[in-house]
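Down below is the structure, laid out as C-alpha cells.
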Amino acid sequence: QTYKQNGSDFLPGPIDLVTHKYDTVASAPYNRIWKVDRKEIEMFKLSFNKPGYIIPRDILEWPAHGTGNYAKNLAPFVDTDGNGIYEPTKGDYPKIKGDQMLWWIFNDLCLHDETTGKPLEFEIHGSLYAYYNKELTSNDSNSIVNRTIIFDYKFINRSPRKYKEVYAGVFNDVDLG
C-alpha cells in the first residue's frame, strides 16, 4: 500500500477472536495513537498515589487489554503487583522502549482496495520510539541517536491458517520542508 489512491488494506483496532469480523463501533476506541514519555512515566511512578495527581490520559487509557472478544493482552505494560491486570490507579504503567514511544494497533481484516490482495487476518501492534541524550552535541559522532526513530511491528496471525513464510515491507515517504 502506498498513497491510498484506491482505498486501504488496513483497519484500526484488533481482530475479534470469535467472529473474525470487523466491528466499526467496537474498534472505535482503538482508532488512535497513544504517546508516552519516559519522563511522564517516571513522574507517574513517583506520584500516582498522591492526592491531587492527575494520571495522564495515555497512561490511564493505555490499551493493555482488549475488551469483548479481543485478545486479553495488547499493549505491553509493567504489572507492579503481578496480578496480570493493567491498573494504573494501583501503579501499573506502559512498558516502553526509548524516551518517547507511540503505540497503535491495526489489522488487515478487510477488502484490500489498494493491493487487491486477500486478507491474511493479521493483527499488527505498531510502535515508534526514539531516544534523546541531552549530553550529546551535534558535533558528537554518537548524536545520530537523537535524530533516529525506530519502528517496531509485531505481526500476530489471528487466522486459522498457518503461514510458512511471511515477508513485510514498510513504505515510508517522509517529506521535509
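Salt bridge present: Asp99 and Arg38 bring a charged side-chain N and a carboxylate O closer than 4.0 Å. The residues Arg32 and Glu61 are annotated as salt-bridged, a charged nitrogen and a carboxylate oxygen being separated by less than 4.0 angstrom. Under the 4.0 Å criterion applied to side-chain N and carboxylate O atoms, Glu42 and Lys45 are assigned as salt-bridge partners.
What you find for Thr67 and Tyr30 is that their closest heavy atoms are N-OH, 3.5 Å. Smallest separation of non-hydrogen atoms from Trp62 and Met101: CH2-CE, 3.9 Å. Across Arg161 and Asn157, no two heavy atoms sit closer than the pair O-ND2, 2.7 Å. Of all heavy-atom pairs spanning Pro63 and Trp103, the tightest one is CG-CZ3, 3.4 Å. Contact record, Pro12 with Asn107: O-ND2, 3.9 Å, taken as the closest heavy-atom pair.
Residues Leu74 and Leu109 are members of separate hydrophobic clusters, defined by side-chain heavy-atom contacts under 4.5 angstrom among Ile, Leu, Val, Met, Phe, Trp and Tyr. Hydrophobic clustering of Ile, Leu, Val, Met, Phe, Trp and Tyr side chains at less than 4.5 Å, counting indirect connections, unites Phe48 with Tyr93. Note: the hydrophobic cluster containing Ile55 also contains Val78 (ILVMFWY, side chain heavy atoms under 4.5 Å, direct or indirect links). Linking ILVMFWY residues whenever their side-chain heavy atoms come closer than 4.5 Å, directly or via other members, places Ile41 and Tyr131 in the same cluster. Note on Leu102: it clusters hydrophobically with Phe155, by side-chain heavy-atom contacts below 4.5 Å among ILVMFWY residues.
How far CG of Asn69 is from NE2 of His20: 10.0 Å, rounded to the nearest 0.5 Å. In this structure, OG1 on Thr24 lies 7.5 Å from CG on Leu11, to the nearest 0.5 angstrom. From Trp104, atom CH2 reaches atom CG of Asn31 across 13.5 Å, with rounding to the nearest 0.5 Å. Once rounded to the nearest 0.5 Å, the distance linking OG1 of Thr115 with CG of Asp9 reads 3.5 Å. Taking CG of Asp16 as the reference point, atom CG of Asp23 lies at 7.5 Å (rounded to 0.5 Å).
For the 3.5 Å distance criterion, the side chains of Asp37 and Gln100 qualify, holding a donor opposite an acceptor. Side-chain contact of Ser143 with Asn146: a donor-acceptor pair under 3.5 Å is absent, judged by distance alone. No donor-acceptor contact under 3.5 angstrom links the side chains of His112 and Glu114, judged on distance only. One side chain, Ser27 or Tyr70, offers a donor N or O that lies under 3.5 Å from an acceptor on the other.
Counting only heavy atoms from C-beta outward, the side chains of Ile105 and Ile124 never approach each other to under 4.5 Å. When side chains are defined from C-beta on, Lys90 does not count as touching Thr80, because their heavy atoms never get closer than 4.5 Å. Looking at heavy atoms from C-beta onward, His125 lies out of side-chain contact with Pro76 at the 4.5 angstrom threshold. Looking at Ser8 and Phe106, their side chains never come closer than 4.5 Å, going by heavy atoms from C-beta outward. For the pair Glu123 and Ile156, the minimum side-chain heavy-atom distance is below 4.5 Å. Contact of the Val36 side chain with the Ile59 side chain is registered, since non-hydrogen atoms from C-beta on lie closer than 4.5 Å. Taking 4.5 Å as the limit, some side-chain heavy atom of Asp81 sits within range of a side-chain heavy atom of Glu87.
Pro94 pairs with exactly one of Phe77, Tyr86, Phe44, Trp34 by the side chain to side chain contact (heavy atoms under 4.5 Å, CB included) rule, that one being Tyr86.
Counted within 6.0 Å of CD1 on Ile54, heavy atoms from surrounding residues, nucleotides or ligands total 12 or fewer; the atom is thus considered open.
Judged by distance alone, with hydrogens and angles left aside, the side-chain atoms of Asp108 form a donor-acceptor pair with the main-chain N or O of Leu120 at under 3.5 Å.
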- Item | Check against salt bridge (Lys or Arg N to Asp or Glu O under 4.0 Å), Arg158 and Glu121 | CA-CA 6 Å; Arg158 299 283 191 212; Glu121 297 184 44; over 6 Å; no
- Query: Does the pair Lys97 and Asp152 meet the rule for a salt bridge (Lys or Arg N to Asp or Glu O under 4.0 Å), with working shown?
  - Reply: CA-CA 10 Å; Lys97 297 176 184 176; Asp152 187 9; 2.4 Å; yes
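Taking the six-membered ring where the residue is Trp, the centroids of Phe10 and Phe122 are separated by 6.0 Å or more.
Aromatic ring pairs are classed by plane angle as parallel below 30°, tilted from 30° to 60° and perpendicular above 60°; the pair Phe151 and Tyr153 is parallel.
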